[in-house]
Amino acid sequence: MALLEVKNLSVAIRQKQGLITVVDNLSFHVDENETLGIVGESGCGKSLTALSIMGLLQGSQVRITEGTVCFDGVDLLILGPAERRAIMGDQMAMIFQEPMTSLNPVYRVGDQIVEVLLQHLKLSRAAAKQRTLELLDLVRIPNPILQINSYPHQMSGGQRQRIMIAMALACSPRILIADEPTTALDVTVQKEVLDLMGELQRHTGTAIVLISHDLGVIAQTCDRVAVMYRGKIVETAATKALFADIRHPYTKGLLNSLPLVDGDVEWLDTIPGQVPGIETVLPGCAFQPRCAFADERCSYEKPNDIRVAGGHWARCHYAGQST
Amino acid sequence: MLSYTLKRLLTLLPTLIAASILVFLFVHLIPGDPAAVLLGDTATPQEIAALTREMGLDKPLWQQYTLWLSEVAKGNLGQSIFFKAPVTSIIADGAQTSILLATMTIFWIIIFGIPIGVLSATRQGSWVDQLTSGLAMFFASVPTFWLGLYLILIFAVGLGWFPSSGFPSIFDEGGISNLRYLLLPSLTLAAPNAALIIRLVRASMLDISREDHVRTARAKGLHPTKVAIKHVFRNALITVVAAFGFTFAALVSEAVVTETVFSLPGIGRLVVQSILRRDYPVIQGVILVIVVLYLFINLLVDLAYAMLDPRVSLK
């Protein structure tokens with residue numbers, strides 16, 4: 001049984017025109033000890049998916065309309081608020097995109113880690129502080145004894161993201177959801193943080209869901225990849241299998257728009273056009289207006305998932321033909 | 001912290017000197033000759049000239065100012081023309097009433113303003129929120145004298161629960177129970193300010209609760225009440241404390257009206273009466289005392305602000 005199993009998850013936003021589905025019938029799973037990458041352009045619903053799994057959707061404007069999110073065999077969506085909170089921060093933790101604003105500015109970083117430890121583990125304050133020092137050391141904050149008393153504004157972005165990682169890992173979660181954890185960081189710091197996450201995973205066996213718009217980051221770190229476009233997964237496979245044999249034109253577009261370090265290219269490929277607004281209803285394939293391979297059929301018939309190989313699926317009429 | 005406080009105290013000096021010049025000049029800007037006012041209609045020009053010389057008013061303005069300032073520095077604010085007594089002792093007489101009134105008022109502002117603000121922010125859109133927001137809007141808009149008169153009409157005249165005016169000293173007969181005289185005035189004074197604090201607490205809490213770090217707090221699995229108090233309110237408090245400086249300024253001006261409506265022997269009413277009596281030394285003295293108080297309150301606000309927000313540097 002998978003550690004996390006998302007089935008037919010739909011999330012809708014209430015707008016003037018009515019409910020608009022932004023995450024559409026999404027299904028995927030994450031096994032223990034595995035890193036799943038979810039990749040897509042901004043607005044494709046990947047962050048909303050993460051917040052739905054974590055239980056952090058807020059406000060009357062957004063709500064889950066359908067589906068189940070099973071964690072260790074229990075559907076999180078039918079749990080009461082208190083039962084849900086017992087899991088949040090303990091067995092499931094999350095890292096956010098903006099390390100600059102994700103820490104409370106008025107508390108010392110050490111106290112913010114201690115807070116989550118005391119919330120879930122039966123520890124004395126002294127023991128929690130000791131554990132915090134270990135965590136700071138684990139995420140390679142230099143001089144933990146000094147830095148435990150720092151305020152967030154006294155730290156760099158990379159350091160703050162390390163604090164966020166320490167906080168997320170504090171109670172040894174079984175799954176870690178990382179929503180664009182490196183997007184706001186410098187490229188050099190990006191690599192350090194990604195390496196750190198990978199190393200900690202080998203250490204602790206935590207499953208990771210890594211959400212990113214950057215296919216390069218995903219390729220580097222993930223065991224499996226799910227490519228999202230307009231609220232749907234359009235292609236999913238093991239990372240190696242996917243890059244060996246891309247079947248969906250959108251995935252291909254994403255890959256081609258990556259700058260190659262060793263290539264002598266002056267022109268970067270882009271995917272033409274823009275993602276249609278969420279209120280636009282397309283009768284056929286969601287990617288059809290921007291797809292170079294689209295034909296008549298794509299404009300009126302929605303494609304189904306087509307099995308390419310074991311564990312490799314693509315949502316395209318022509319996924320069966322190798323390109 | 002200590003060196004910062006001392007430095008701030010030093011920077012108060014130029015402000016105080018500037019304020020003293022303004023207060024001094026202010027009296028000289030008022031048309032009319034103090035000696036003539038003092039002696040009344042029947043005075044002869046010789047008498048007026050003699051008194052002018054006696055009061056030192058024939059000297060150049062800068063000499064008058066330095067003379068006055070050196071007396072002020074010694075704690076002598078001059079003689080009241082009307083009471084024929086030192087201004088300092090007249091202000092001291094009114095201070096008891098005003099200090100007690102201010103203390104009770106600030107107590108009400110905190111007791112009502114903060115919990116109701118927090119409640120309406122955490123229950124945004126509920127009937128509790130709509131009711132308190134409506135009431136806050138009402139009390140923030142009502143003039144102080146109107147509210148004071150209606151409270152007298154209902155609770156003093158109609159129900160007879162509280163006295164309608166005056167305030168015997170708490171050191172006289174009745175002791176502490178004399179504070180009941182200040183109940184209606186302090187509530188009158190607190191109402192518009194508590195209403196502002198309610199609105200401010202609510203607005204800044206709603207602002208803060210949209211920030212990323214609050215989502216982090218929720219992701220820790222904390223109880224919503226803990227998130228609201230420890231994370232949201234704690235950050236909103238910074239804004240609220242900053243606003244307390246303005247609240248004090250509002251209190252001073254509203255106290256003048258309230259003390260008059262309730263006939264309280266405080267400093268506010270003293271100012272109004274002294275203006276009517278053209279008792280210049282008293283007006284000067286009271287304004288100077290209020291300026292000094294205001295500067296110190298703002299210093300306290302700044303220090304509290306620095307203590308609440310670690311991002312504010314104390315260097």
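Here is how names work: the chains are called A, B, and so on, in the same order as the sequence lines, proteins then strands, and each is numbered from 1. Side chains included, hydrogens not; waters and symmetry mates left out as well; all remaining heavy atoms used.
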Part of [X] within contact of chain A (heavy atom distance under 4.5 Å):
{"X": "Ile238(B)", "value": "side chain"}
{"X": "Arg234(B)", "value": "side chain"}
{"X": "Lys226(B)", "value": "side chain"}

Q) Considering the options Asn193(B), Thr105(B), Thr144(B), which one meets the side chain to side chain donor-acceptor pair (under 3.5 Å) requirement together with Glu254(B)? A)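 Filter result, single survivor: Asn193(B).
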**Q.** Parallel, tilted or perpendicular, as decided by the 30° and 60° cut-offs, for the rings of His231(B) and His213(B)
**A.**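 The rings of His213(B) and His231(B) sit tilted, inter-plane angle from 30° to 60°.
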(Q) Going by salt bridge (charged side-chain N to carboxylate O under 4.0 Å, His left out), name the residues that satisfy it together with Asp90(A), two or more places apart in sequence or in a different chain. (A) none
Q) Is it the case that His213(A) and Glu180(A) place a side-chain donor and acceptor less than 3.5 Å from each other? A) yes
Q.
Regarding Asp75(A) and Thr68(A), do their side chains bring together a donor and an acceptor under 3.5 Å, going by distance alone?
A.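 No, no side-chain donor-acceptor pair sits under 3.5 Å.
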Out of [options], which one racks up the most heavy-atom pairs below 4.5 Å with chain B?
{"options": "Pro105(A), Gly89(A), Ala82(A)", "result": "Pro105(A)"}
{"options": "Met54(A), Gln58(A), Arg108(A), Gln112(A)", "result": "Gln58(A)"}
{"options": "Met94(A), Glu98(A), Met167(A)", "result": "Met167(A)"}
{"options": "Arg84(A), Glu115(A), Gln119(A), His120(A)", "result": "Glu115(A)"}
{"options": "Ile95(A), Val116(A), Leu56(A)", "result": "Leu56(A)"}

Q.
Just so I understand: if I count every heavy-atom pair under 4.5 Å between each of Glu211(B), His223(B), Gln124(B) and chain A, which residue has the most?
A. His223(B)
Q.
Between Val214(B), Asn235(B), Asp309(B), who has the most heavy-atom pairs with chain A when the cutoff is under 4.5 Å?
A. Asn235(B)
Could you tell me whether a side-chain N or O of [X] sits under 3.5 Å from a main-chain N or O of [Y], the two making a donor and an acceptor?
{"X": "Ser133(B)", "Y": "Gln130(B)", "answer": "no"}
{"X": "Ser102(A)", "Y": "Pro99(A)", "answer": "no"}
{"X": "Lys46(A)", "Y": "Gly40(A)", "answer": "yes"}
{"X": "Glu259(B)", "Y": "Gly268(B)", "answer": "yes"}

Toward chain B, the part of [X] with a non-hydrogen atom under 4.5 Å:
{"X": "Gln154(A)", "result": "neither"}
{"X": "Leu103(A)", "result": "backbone"}
{"X": "Leu51(A)", "result": "side chain"}
{"X": "Met100(A)", "result": "neither"}

